[in-house]
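Written out below as structure tokens is the structure these notes cover.
Hydrogens, waters and symmetry mates play no part in the numbers below; they use all other heavy atoms, side chains included. Bear in mind that the values here come from a model prediction, so they are computed numbers and not experimental data.
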Amino acid sequence: MRDSAFGPPAIPPDFWSRPEVTAALARRDIGELFRLLKTLAGMSQTRIGAATGNAQGRVSQIIHGNYEVRTVKSLDRIAEGLSMPMTRGWPLAWHRPVPRTR
């Protein structure tokens, strides 16, 4: 059955436990998360946008590094829209400072 554009997205359960996904989440790298949703879960930019409350153009900007998601409110909206499970403390971990690697 085709994924509805307005209901919760059909993301494979094992998606959230993949090492590349957990690493992107730990860095709060939403551009990488969206790229992984496209490649591993087959989601379009339009579908990601509908699920997360962003326009397709904004999703494209995030994916290409032209816009950075910074606020906890936006991160929470993305987590809720993607039905992110509460494994490994996500999305609650977003409320803590992000570790700096530079």
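- Here the closest non-hydrogen pair linking Val21 and Phe15 is CG2-O, 3.3 Å.
- Using a 4.5 Å heavy-atom cutoff, the side chains of Ile48 and Asn54 are not in contact.
- We find the CG-OG distance between Leu37 and Ser44 to be 10.5 Å, quoted to the nearest 0.5 Å.
- Expressed to the nearest 0.5 Å, how far CH2 of Trp16 lies from CG of Leu36 amounts to 10.0 Å.
- Considering all non-hydrogen atoms of both residues, Arg77 and Thr52 come closest at NE-O, 2.8 Å.
- Although no hydrogens or angles enter the test, the distance criterion places no donor-acceptor pair under 3.5 Å between the side chain of Arg18 and the main chain of Asp14.
- Taking Thr71 as the reference, Lys73, Ser74 meet the side-chain contact (heavy atoms from CB on, under 4.5 Å) condition, with sequence neighbours excluded.
- Looking only at side-chain heavy atoms (C-beta outward), Met43 and Pro9 come within less than 4.5 Å of each other.
- Considering Thr39, Leu40, Leu25 as possible partners of Glu20, the one that fulfils the side chain to side chain contact (heavy atoms under 4.5 Å, CB included) test is Leu40.
- Applying the salt bridge (charged side-chain N to carboxylate O under 4.0 Å, His left out) test to pairs two or more places apart or on separate chains, those with a residue in residues 49-69 are Glu68-Arg70.
- The closest side-chain heavy-atom distance from Leu82 to Leu33 is below 4.5 Å.
- Of the inter-residue distances, the one linking Gln45 atom CD with His64 atom NE2 reads 6.5 Å to the nearest 0.5 angstrom.
- Remark: Arg35 engages Glu32 in a salt bridge (charged side-chain N to carboxylate O under 4.0 Å, His left out) (not counting sequence neighbours).
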